[in-house]
Amino acid sequence: MKVVSIVGARPQLVKLGAVARAFAGTEHAHRVVHTGQHYDPELSDVFFSEFGIPEPDFHLGVGSGSHGAQTGAMLAALDPILEEEHPDWVLVYGDTNSTIAGALSAVKQHLPVAHLEAGLRSFNRRMPEEHNRVLTDHCADLLLAPTEEAMRHLANEGLAERAVRVGDVMVDVCFNTRDAVLARGGERPVSLEGIDTDAPYLVATLHRAENTDDPERLSGLIKALADLPVPVALLVHPRLRAKADQHGLKIETGSIVDCRPLPYAELVAAVLGSTGVVTDSGGLQKEAYLLGRPCTTLRTETEWVETLHDDWNVLVPHPDRMPAEEWRTTAARPIPSAPTGAPYGSGRAGYEVLKVLEEHLR
Ligand code: UD1
């Protein structure tokens, strides 16, 4: 079996880590195409070395741009590669512009497409990720869903026959990394400059277009983080940095410590060492849950609804409009006493993906 994985943005490289590990040592051919959507070393290269993923077989070097320009450039560059490779499966991951470009290029060449992390829905049509995931699900041949909830969404859209629940590959990566971090001596992160990791602190990220692109919205969110009662290690994504600069907003104010994005093991160590997480990232909401830290999500909805039980994850779309004390006690709340459960599987989803691809070969 020959599979071409198409990736391009940070979270896809984490998921690729689990899939590449499952492929390693098998007789299957696994080729990797990197679209170049993310190109800063800390958003891209670091994951290849960290997870031991072989260098991509093809690098499209597409870079940043408007949605149309970026997606279109990927499509044009992918066509000849997929034509030449002619794989048994094109595997696309998650919900970025690299996902929809990969799925479209493949489906138009009648190549079978499998979508990993199928069936997630926010039902918020203003999110670019929502367009990407809905359109990808509807054009893919095989829908690899992480959860029962995702399976229900696919069934509601008439896609049940193409859907298989495989679990969540992020669990594989998160648990492996957690075990390695704990084995090498503990939870204290080494690269959170400016944070006393022996005292309580929060880990935060902010990168969604709906939170960063409007200056008023971004300024309100920065102010809310700055007002928190403990230091906030804000791992600044390049999009946040670019938008803050563009709008003339200072990031390091009040409780905020301006930190760089972290390699995966450092991120896991940072969350383990923290008292909680504040984020708009889907991946980090789940990582907080898997690592047993409470999460406050700066959005009106979440695709990862399983994290919401017992206040493990709390949605706060407008912290700047909440009474200050309520915001502070919510974001800095203690670890819930209720157990988390295992809605995302046991950490072997990468192997399950491989098995399901084999079973569904045309
Ligand atoms: C993309 C995905 C989002 C995902 C996120 C993970 C889409 C529509 N969005 O958002 O779903 O959650 O990745 O990080 O696909 N930039 C750099 N260096 C880089 C990459 C980007 O400086 O290596 C800056 C550029 O200013 C660029 C901006 O970040 O314009 C946005 O990058 P882009 O890839 O368009 O979207 P993300 O916000 O990263």
Side-chain angles (χ1 to χ4, degrees), residues 6-17 33-48 56 59-75 78 92-105 115-118 120-122 124-137 170 173 203-214 217-218 221 234-247 249 251 258-264 267 277 279-287 297-299 301-304:
I6 299 176
V7 293
R10 187 182 196 273
Q12 293 167 327
L13 304 179
V14 178
K15 291 162 203 162
L16 176 64
V33 181
H34 191 316
T35 63
Q37 176 168 353
H38 285 173
Y39 41 87
D40 285 349
E42 60 200 18
L43 294 193
S44 177
D45 302 5
V46 70
F47 297 100
F48 283 86
H59 202 299
L60 311 184
V62 161
S64 304
S66 69
H67 290 285
Q70 188 180 55
T71 311
M74 291 174 192
L75 265 172
L78 280 168
V92 296
Y93 299 65
D95 54 18
T96 74
N97 290 344
S98 300
T99 315
I100 183 71
L104 269 180
S105 173
H115 181 205
L116 182 66
E117 215 175 70
L120 294 191
R121 295 292 181 265
S122 67
N124 177 353
R125 297 283 296 208
R126 291 197 57 79
M127 290 176 70
E129 292 83 0
E130 186 74 357
H131 318 148
N132 288 339
R133 56 172 89 99
V134 171
L135 295 170
T136 301
D137 280 341
M170 300 249 329
V173 181
V203 171
T205 71
L206 201 56
H207 80 283
R208 298 261 173 208
E210 61 269 27
N211 281 339
T212 55
D213 292 10
D214 172 40
R217 168 97 182 132
L218 180 56
L221 292 176
L234 180 57
L235 314 178
V236 180
H237 183 285
R239 181 185 201 101
L240 170 59
R241 175 95 52 216
K243 294 294 175 185
D245 286 351
Q246 187 185 325
H247 306 320
L249 297 169
I251 290 177
D258 181 336
C259 301
R260 299 176 68 78
L262 298 175
Y264 197 74
L267 174 76
V277 167
T279 190
D280 60 3
S281 150
L284 192 52
Q285 287 173 55
K286 217 171 16 174
E287 279 143 4
T297 297
L298 302 173
R299 287 180 49 196
E301 71 284 306
T302 177
E303 298 78 7
W304 303 106

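Read the numbers this way: they start at 1 and go in the same order the structure lists the ligands and their atoms. Quick note: residue numbers are just sequence positions, from 1.
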How far is [atom] from its nearest protein heavy atom, and which residue and atom is that?
atom	result
atom 36 (O) of ligand 1	Arg239 NH1, 3.4 Å
atom 22 (O) of ligand 1	Pro238 CB, 3.1 Å
atom 26 (O) of ligand 1	Ala242 CB, 4.1 Å
atom 18 (N) of ligand 1	Asp40 OD2, 3.0 Å
atom 39 (O) of ligand 1	His38 NE2, 2.7 Å
atom 16 (N) of ligand 1	Tyr39 OH, 3.5 Å
atom 6 (C) of ligand 1	Pro11 CD, 3.4 Å
atom 1 (C) of ligand 1	Gln37 NE2, 3.7 Å

Next on the checklist: Using a strict threshold of under 4.0 Å (side-chain N to carboxylate O), is an ion pair present between Arg133 and Glu117?
Outcome noted: no
Item to check | Arg241 with Asp40: basic N within carboxylate O range, under 4.0 Å | outcome: no
Could you list which atoms of ligand 1 come closer than 4.0 Å to a heavy atom of [X]?
X	value
Glu129	3 (C), 9 (N), 11 (O)
Asp95	11 (O)
Ser64	21 (C), 25 (C), 27 (C), 30 (O)
His237	14 (O), 37 (P), 38 (O), 39 (O)
His207	4 (C), 5 (C), 6 (C), 12 (O)

Checklist entry - Under the side-chain contact (heavy atoms from CB on, under 4.5 Å) test, which residues partner Asp213, sequence neighbours left out? => result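 Only Ala209, Arg239, Lys243 meet the side-chain contact (heavy atoms from CB on, under 4.5 Å) criterion with Asp213.
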Checklist entry - Which heavy-atom pair separates Ser98 from Thr35 by the least distance, and what is that distance? => result OG-OG1, 2.8 Å
Item to check | Test log, rule side-chain hydrogen bond (donor to acceptor under 3.5 Å, both in side chains), inputs Gln12 and Thr96 | outcome: CA-CA 9 Å; Gln12 293 167 327; Thr96 74; 2.9 Å; yes
Checklist entry - Side chain or backbone of Ser98 under 4.0 Å from ligand 1, or both, or neither, by non-hydrogen atoms? => result neither
Checklist entry - Hey, does His67 come in under 3.5 Å of ligand 1, counting only N/O atoms on both sides? => result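 The answer is no, given that His67 and ligand 1 share no N or O pair closer than 3.5 Å.
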Checklist entry - Between Arg10 and ligand 1, does any nitrogen or oxygen pair lie at a separation below 3.5 Å? => result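 Such a contact does not occur with ligand 1.
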Next on the checklist: Against Leu218, only a single residue in Ile251, Leu206, Asn211 fulfils side chain to side chain contact (heavy atoms under 4.5 Å, CB included); can you say which?
Outcome noted: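 When side chain to side chain contact (heavy atoms under 4.5 Å, CB included) is applied between Leu218 and each of Ile251, Leu206, Asn211, only Leu206 qualifies.
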Item to check | side chain to side chain contact (heavy atoms under 4.5 Å, CB included) between Leu16 and Phe47, intermediate numbers included | outcome: CA-CA 9 Å; Leu16 176 64; Phe47 297 100; over 6 Å; no
Checklist entry - Counting distance only, does the side-chain N/O of Arg299 pair as donor-acceptor with the main-chain N or O of Glu301 below 3.5 Å? => result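 Answer holds: yes.
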Checklist entry - Judged by atom type as modelled, is there a donor-acceptor pair below 3.5 Å linking the side chain of Gln285 to the main-chain atoms of Ser281? => result yes
Next on the checklist: Among residues at least two apart in sequence or on other chains, which ones pass ring-ring contact (aromatic ring centres under 6.0 Å, His included) with His59?
Outcome noted: His34
